[in-house]
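The structure appears right after this line, and notes come after that.
Convention: sequence-line order gives letters A, B, ...; per-chain numbering from 1. Keep in mind it's a predicted model, so treat the numbers as computed, not measured.
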Amino acid sequence: MYNYLEGLNEPQRVAVEHRDGPIMIIAGAGSGKTKVLTTRIAHLMKNGVDAFNILALTFTNKAAAEMKERVEKALGNSEARNLYIGTFHSIFARILRVEAPKLGYPSNFTIYDTDDAKGVIKDIVKQMNLDDKHYKPAYILNRISAAKNGLIGPAAYRVDSAIQMEDAKSQRHRMADIYDAYTNQCFKNGAMDFDDLLFKMHTLLTTFSDVLAKYQQRFHYVLIDEYQDTNAAQYSIIKLLGAVRENICVVGDDAQSIYSFRGATVQNILQFQDDYDDVKVVKLEQNYRSSQNIINVANNVIGNNQHQIPKELWTSNKEGEKIMLARTMTDNDEGKFVADAIKEMQMRNHYANKDFAILYRTNAQSRAFEESLRRMNIPYKLYGGVSFYQRKEVKDYLAYLRLVVNTRDEENLKRIINVPARGIGNTTVLKYISAANEHQRTVWEIIENGSGNPKVDGFVQMIKGFQSMLESKNAYDVAFAIGKYSGLVAELYNDKTVEGLARYENVQELLNSIKEFTETPDEEGEILDKSLGSYLQQISLQTDVENNKGKEEDIDVVKLMTIHSAKGLEFPCVFVVGLEETLFPSSMSLYDRAGLEEERRLFYVAITRAKERLWVTYANSRYRFGTLVNNDESRFVQEIPLAYLDRTFTGASNRPQNGPAKGVSGMLNQNFDKVPSLKKLADKLATSTASQKVHTPSADFTADDAGDMSIGMKVEHQKFGFGTILTLEGGANNRIAGIDFGEGHGVKKIMLNYAKLKIVK
DNA sequence: GAGCGATTAATTTTT
DNA sequence: TTAATCGCTC
C-alpha cells in the first residue's frame, strides 16, 4: 500500500480531509475529480467509517465501477466491496427491490426501458382512440418523464396550471389522462420505468418514515458525483437521506451541465450553499489533462456563457499543438478527412488507434466515419447506438425471462405469446385484454386457469413449467430451458440466412452473459442471489453489454461516440465533428439562451476531452433525409480565438476530388467514391433472400472486372452461388446482367457496377 | 393469420 | 437514406 494522500494538490487535499458536514467540490474538467472522490472515500474508511455506511451515487455504471476499483486500490484491501457505490438508478432499484411490496409492487418488478414504456403508451393512445400522429409515444414519454423527474405525479399533473397551459397550447388535452392510464398500466404490470426508480424511491421515503429512518441510519456519508446533472427527484432524495447527519459531499462542474433534457437543473449545484449551513466549498481549477492551448480555447468558449460559477481553469502542462480546423464539402468528405488524419498521425507520431476519439452531436453522424475507417482498415468501436439488449431477438428472449419472473407484465406477455408463431393471433390476444380490463384482472389471471383455447392453454402450461424452476434453479438453467422448450432457440438455429446466423449468435451471447452472471461470485455483504429475477434486475440498468467486458482500455481501437457519452473520458487526440449551425448547436436549442448555453457547455465538454491534439471539423453540406442540405459554420467555431487555430490545415475540399493522390493518406483514399454503396447493396440482397440458403463463397473468391463479362458466361456470386449470365443490358456505366442461379434463387438482375462476381473458368 | 410490397415518417443528447 | 408501419393478398 502507498500513502494515498501523496500527490494531492492543496484544494484536493482539503476536499479529501474534510470530515463532517456538507461540502461542495467544484471540479473543473480534468482537475482530478474522481481521484478526490475515491481518495476521500478511502480516507473516511481509513479513519474508522465502515464501508457499509458510505453511499456514493454516480450517473453511469462505468463511473461507478471505476470508483470502486480505485478505492480498492487506494485501500489495498477488499473492504471497498461493501460500499454502496452505483448509479442512482441501480442503487434505488436495489433498495426498491426490498421495499417494493410496501408500494404494492412485487419485489420482482420489471424495469421498463424506453422502448417498453413507449409500447405501453402506444397501446393507451390507441385504446383512447387518439391520433398517434399527434400523440406521439416519444413525445408523451418525454412529457411524463419530465413530470416524474420534477416529482409531479398524475394527480398533481392534472392541476398544475403551467403544465395544463402547455398541453392546451399544443392541443394535447388528454395528456393528464394518458399519464394517469400509463401509471395505472405500469402498476398493473408490476413494472417501473427508469424514472419510476427515482420517483418511487422518493415516494417510499416520504410515505414511510420508518423506511426513511432506516436508510438515514445506514448511510452516514453520502457522496454525489456529477451533481450538476441531478434533477429535482434526485435532489430531493439526497436531501432526505442526508437530513440527519448532513454529511453530504457533492462534486460537480456547472460548466459541464449537459443533461437538462433529462430534467437536470444546474440550480441544484448553484444553490447548494443555500441548502445547508456552513457549506465547505472547494474549487479544483488546476487541469492535469490537457495542453495549454486546449485549456485556453476551452476557457474562451465557455466565457461566452452568462451564467456560471466563477472559476478559471489553468494548467502547467506544455503549450502543445494548435487546434486544427478543417472544412470539407460533404459529410462523407468529413469522414474521409478524419480517417486520413488518423492514418497520418499514426505514421508520423506513432499514435495507437486507441489514442483517437471521434465525438459528434448526434448518433446519426457516425455513419460517414464508420465507412471511411472501415475503408482504411482502421479498427474502431462505436459506443452507444442500438444496444445489444435492444435487438429484436434479444428482447424477445428477455421478454420470456421477464414474463416468467413477473406474469403480471402484460407487455412481455403480448410480445411473446406468439413467438415463435404458435397460431395465437392478435384478435385472440385482444379478446383476453378486454376481458382483463373488464374484470380488473391481469391478462395472465384471465388465461392461467384455462382459456378455452388449447393453443393458449399450452402456452400457459409452458410458462408455468418455467416458473416452477425459478426457486430451485439458477438464472442460466432457467433461461436455457426457456430457450429450448419455447422453440425460440430452435427457430433461430434453423434460420441459416446471414441475419439469422447473427441473431442466433446474439442469443448465444445473451446466454453466455447469463452464465457468466451465475458463475461470478457475489460480493461480500450481498445476498447470494443467482436467480433469474436478480439477473434481470441487473441488466435492465445496463445500457451496453460490452461495457462490462474486461478492460476496454486495452482494446486498440478508435472510439466513436456522442459528446454526451464522452463525458468523464479523455483521449490524446480528439476530433470534434459536425460543427455546423442547426447541427451543433442543434436546431432544437437555438430558440432560447438556456438551450444555446447548454450546447456551448457541450462543446466545452468535447474540447476538454482532448489531452494533446484537437481537431474541429465541419462540412458545407450533408445528407439529411436523403437530400443534401447546406449548413453554415457553427457559431462555436468563431469562438475559438485565431491565435490558437491552425486554419492552414486543409480538409478534403481543397484536394482535387479524383485527381492524383497527395501523400500517404491520399493513396489509401483512392477508390472511395465507388465503394460506399457496396455494403448497402449487399444488405439489400441479403434481405431479399432472407428465406433462402446462403452460399459460401469459394476460398479463392475474387471479384473479376465487369467489363470482361458476356452472355453465356458462368459466374460465382458471394451469396447466390453459381449461375449463368443470360442477358446484359444498360450502358457502359450501368450494366445490368440477368443471371440464372438455378433453383432456390432463380434469375436475378445484378448490377455489375456494384456486385462482386467471379468468372468461373 | 402470415407474408410481402408500398408508403411514410424521422434525427438531439440517455440512465 | 433508412426503419417502421400500413394494407393488401393468399
Side-chain angles (χ1 to χ4, degrees), chain A residues 57-64 86-93 111-115 117-118 122 132-133 136-139 141-142 145 148-149 192-198 226 229-231 233-234 257-264 331-332 359-368 371 383-387 389-390 392 418-429 455 539-544 547 561-567 578 582-590 595 598-599 601-603 605-606 622-629 676-677 679-680 683-684 687-688 690-691:
Chain A
L57 297 170
T58 67
F59 276 85
T60 66
N61 295 305
K62 202 190 232 165
T87 63
F88 283 92
H89 292 84
S90 70
I91 296 280
F92 294 170
I111 297 174
Y112 279 166
D113 66 20
T114 312
D115 285 341
K118 278 189 215 159
K122 216 170 164 182
D132 65 353
K133 299 269 156 58
K136 286 183 197 146
Y139 174 89
L141 182 61
N142 268 331
S145 168
K148 282 186 194 165
N149 287 327
M192 296 194 199
D193 64 19
F194 287 146
D195 304 310
D196 281 331
L197 296 176
L198 310 180
E226 309 277 16
D229 287 333
T230 52
N231 58 37
Q234 289 160 328
S257 156
I258 54 173
Y259 280 103
S260 75
F261 68 96
R262 252 169 57 189
D331 47 355
N332 286 325
L359 309 182
Y360 35 77
R361 178 70 244 268
T362 68
N363 276 309
Q365 286 166 258
S366 69
R367 205 207 84 256
E371 254 168 30
Y383 288 77
V386 179
S387 116
Y389 296 111
Q390 287 176 328
K392 247 183 233 107
N418 201 30
V419 177
R422 48 175 74 87
I424 305 172
N426 226 334
T427 338
T428 315
V429 177
K455 289 169 184 163
I539 61 147
S540 349
L541 296 169
Q542 246 156 42
T543 11
D544 202 345
N547 278 349
M561 63 185 90
T562 63
I563 301 168
H564 280 89
S565 43
K567 191 163 75 149
T582 73
L583 182 61
F584 192 13
S586 156
S587 54
M588 312 291 282
S589 53
L590 283 176
E598 176 147 328
E599 294 285 307
R601 291 194 292 270
L602 198 53
F603 188 43
V605 168
R622 69 174 61 239
Y623 278 95
R624 221 178 187 187
F625 307 140
T627 47
L628 209 57
V629 291
S677 33
K679 191 195 167 290
K680 281 173 228 154
D683 286 349
K684 236 179 216 158
T687 324
S688 64
S691 59

Got a sec, which residues hit ring-ring contact (aromatic ring centres under 6.0 Å, His included) with A:His89, two or more places apart in sequence or on another chain?
none
When the P atoms of B:dT11 and C:dC6 are considered, how many whole Å apart are they?
16 Å
More 5' along DNA chain B: A:Ser565 or A:Thr428, using each one's nearest nucleotide?
A:Thr428
Check the distance between B:dT15's P and A:Lys148's NZ and give it to me in whole angstrom.
18 Å
If I take atom OH in residue A:Tyr623 and atom P in nucleotide C:dT2, what distance separates them, rounded to the nearest angstrom?
12 Å
For nucleotides 7-11 of chain B, give me every protein contact, N/O to N/O, under 3.5 Å, one pair per line with atom names.
residue: B:dA10; atom: OP1; partner: A:Lys136; partner atom: NZ; Å: 3.2

Assert: residue with more 5' nearest nucleotide on DNA chain B, out of A:Arg361 and A:Thr60, is A:Arg361
Qualifying residues under ring-ring contact (aromatic ring centres under 6.0 Å, His included), relative to A:Phe603, sequence neighbours excluded:
A:Phe584, A:Phe636
Under 5.5 Å between ring centres and under 30° between planes: does that hold for A:Phe261 against the base of B:dT12?
no
Between protein and nucleotides 4-7 of chain C, what N or O pairs are separated by less than 3.5 Å?
residue: C:dT5; atom: OP1; partner: A:Lys122; partner atom: NZ; Å: 3.1

Set of residues satisfying salt bridge (Lys or Arg N to Asp or Glu O under 4.0 Å) with respect to A:Asp193, sequence neighbours excluded
A:Lys148
How close or far is atom P of B:dT14 from atom NZ of A:Lys118, stated in whole angstroms?
13 Å
Need one value for A:Asp195: base, sugar-phosphate or nothing, where a base atom within 4.0 Å counts as base even if backbone is also close, heavy atoms only.
nothing
Residues two or more places apart in sequence or in another chain: which of them pass side chain to side chain donor-acceptor pair (under 3.5 Å) with A:Glu226?
A:Lys33, A:Gln228, A:Lys567
In whole angstroms, how far is the C1' atom of C:dT1 from the CG atom of A:Leu628?
12 Å
If I take atom CZ in residue A:Arg622 and atom P in nucleotide C:dT1, what distance separates them, rounded to the nearest angstrom?
16 Å
Atom CG of A:Asn332 and atom P of C:dT1: how far apart are they, to the nearest Å?
11 Å
Only one of A:Thr114, A:Asp195, A:Asp196, A:Asn231 passes side chain to side chain contact (heavy atoms under 4.5 Å, CB included) with A:Ser145, and that residue is A:Asp195
Whole-Å distance separating the NE2 atom of A:His564 from the P atom of B:dT13
9 Å
How close or far is atom P of B:dT15 from atom CG of A:Asn61, stated in whole angstroms?
8 Å
With a 4.0 Å cut-off on heavy atoms, is A:Thr427 in touch with a base, just the backbone sugar-phosphate, or nothing at all?
sugar-phosphate
Please work out which of the three classes, parallel, tilted or perpendicular, describes the rings of A:Phe88 and A:Phe92, given edges at 30° and 60°.
perpendicular
